[in-house]
There are 2 protein chains.
Amino acid sequence: MEKLEPHNCKIGIGECLHIIAGKWKPIILLLLQLEGTQRFSDLKRWIPGITQKMLTAQLKELEQEDLIQRTVYAEVPPRVEYSITEHGRTLEHILRQLNEWGIQHINYVNEKRVDQS
Amino acid sequence: MEKLEPHNCKIGIGECLHIIAGKWKPIILLLLQLEGTQRFSDLKRWIPGITQKMLTAQLKELEQEDLIQRTVYAEVPPRVEYSITEHGRTLEHILRQLNEWGIQHINYVNEKRVDQS
DNA sequence: CTGAATCCTAAAAGATACTG
DNA sequence: CAGTATCTTTTAGGATTCAG
């Protein structure tokens, strides 16, 4: 493993954040990790506020990074299912920690605000 | 701790990513964590490519979240030092993991590309 | 049902010049 | 030295319409 130094960390952290950051990607990844395989319309229902365009775009990007898998069934009407890959599962722990830190940070900020009032 | 569900994770993850994401913030945080207190010009030297405007803006945002501390010395020429706070230190483990995942992901993608050629 | 295509707005980032 | 102030570019995200 590389030494933890600011200038080489830029590579790893930048790569990771570029892949998981954004308004929808973390939700999509968690959804597939926790609820299992979902089809396009399921995802759209699960994620309030997302547009078809954004959902399509984010799914495509996640698929290109091999974090999720896309399966098309030759039916009418068409059915497309998305599922997490093994590689995608390696992100679960990180997403969990990001969430926990975010919650604790919100609490921290609230308490600090109370202390000062 | 909150249950890990997609819709409430949106809050925690969103908060955390909003704070640490971006092109420069992770580097600044790691720099202060690993190298200790730095003054403005030191940070600018450490981080190739950053402009004064961006550095100033990112430092201000990190300070507002109480992740870093700003200390002004009444000297001529002026001296301003930045250091990580205790609260900021709680991010070190996450940044480390983001970096490791990013590196491994790059390797993963490279190996996959070789396999297919 | 699952998308692609087009147009649009807002936010992030960068270039450059100026200041106490 | 440590910033501000403006302006321009780039990127993320959204609204809407059309299509297999």
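Computed from heavy atoms alone, side chains included, the values below leave out hydrogens, waters and symmetry copies. Order of the sequence lines sets the chain letters (A, B, ...), proteins ahead of strands, with each chain counted from 1. The structure presented is a predicted model; accordingly, all values stated were derived computationally and were not measured.
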Reported [atom1]-to-[atom2] distance for the pair [X] and [Y], which is rounded to 0.5 angstrom:
| X | Y | atom1 | atom2 | value |
| --- | --- | --- | --- | --- |
| B:Ile94 | B:Ile20 | CD1 | CD1 | 6.5 Å |
| B:Leu59 | B:Gln38 | CG | CD | 11.5 Å |
| A:Ile11 | A:Cys16 | CD1 | SG | 14.0 Å |

Atom pairs under 3.5 Å, N or O on each side, protein against nucleotides 5-9 of chain D: can you list them with distances?
none

(message) Side-chain N or O of A:Arg39 versus OP1/OP2 of C:dG3: is the shortest distance under 4.0 Å?
(response)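 It does not, given that no N or O in the side chain of A:Arg39 lies less than 4.0 Å from OP1 or OP2 of C:dG3.
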
(request) Give a yes/no answer on whether the side chain of B:Ser41 brings an N or O atom under 4.0 Å of OP1 or OP2 in D:dA2. (result)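 Checking D:dA2 against B:Ser41, a side-chain N or O does come within under 4.0 Å of OP1 or OP2.
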
[X] has a side chain; which of [options] sits nearest to it?
| X | options | result |
| --- | --- | --- |
| B:Pro78 | C:dG3, D:dC1, C:dA13 | D:dC1 |
| A:Gln52 | C:dT2, C:dA13, D:dA2 | C:dT2 |
| B:Tyr82 | C:dA15, C:dC1, D:dG3 | D:dG3 |
| B:Thr51 | C:dA4, C:dC1, C:dG14 | C:dG14 |

Spacing between [X] atom [atom1] and [N] atom [atom2], to the nearest angstrom:
| X | N | atom1 | atom2 | answer |
| --- | --- | --- | --- | --- |
| B:Leu55 | D:dA2 | CG | P | 10 Å |
| B:Leu43 | D:dC1 | CG | P | 13 Å |
| B:Phe40 | D:dA2 | CZ | P | 7 Å |
| B:Arg70 | D:dA2 | CZ | P | 10 Å |
| A:Glu75 | D:dG20 | CD | C1' | 16 Å |
| A:Arg45 | C:dT2 | CZ | C1' | 13 Å |
| B:Arg79 | C:dG20 | CZ | C1' | 18 Å |
| A:Met54 | C:dT2 | CE | P | 19 Å |

(request) Determine whether the side chains of B:Arg96 and B:Asn99 contain a donor N or O and an acceptor N or O closer than 3.5 Å. (result)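 No - no donor-acceptor pair under 3.5 Å links their side chains.
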
(message) What residues from residues 10-29 of chain A pass a heavy-atom cutoff of under 4.0 Å to DNA chain C?
(response)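 None - not one residue of the stretch has a heavy atom sitting under 4.0 Å from the strand.
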
(message) List the residues meeting ring-ring contact (aromatic ring centres under 6.0 Å, His included) with B:Trp101, not counting sequence neighbours, and say none if there are none.
(response)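 A:His87, B:His105.
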
(request) Check the pair A:Thr90, A:Leu67 against side-chain contact (heavy atoms from CB on, under 4.5 Å), reporting the backbone distance first and the verdict last. (result) CA-CA 9 Å; A:Thr90 63; A:Leu67 299 177; 5.7 Å; no

(message) Salt bridge or not between A:Asp42 and A:Arg45? Use side-chain N to carboxylate O under 4.0 Å.
(response)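 So A:Asp42 pairs with A:Arg45 through a salt bridge.
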
(request) Could you tell me whether A:Arg113 and A:Glu111 have a side-chain N and a carboxylate O separated by less than 4.0 Å? (result)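 Answer for the salt bridge query: no.
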
(message) Just to be sure I understand the rule, does A:Tyr73 reach a base, reach only the sugar-phosphate, or reach nothing, if contact means heavy atoms closer than 4.0 Å?
(response)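 The residue A:Tyr73 makes no contact with any strand.
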
(request) Could you tell me whether B:Lys60 contacts a base, only the sugar-phosphate backbone, or nothing, with contacts defined as non-hydrogen atoms closer than 4.0 Å? (result)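 Here B:Lys60 touches the backbone only, sparing every base.
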
(message) Assess the residue pair B:Lys112 and B:Asn110 against the criterion (side-chain contact (heavy atoms from CB on, under 4.5 Å)); give the C-alpha distance rounded to whole Å, side-chain angles, the decisive distance to 0.1 Å, and a yes or no.
(response) CA-CA 5 Å; B:Lys112 215 184 63 169; B:Asn110 283 342; over 6 Å; no

(message) Run A:Glu15 and A:His18 through side-chain contact (heavy atoms from CB on, under 4.5 Å) and show every step you take.
(response) CA-CA 5 Å; A:Glu15 176 76 7; A:His18 180 255; 5.6 Å; no

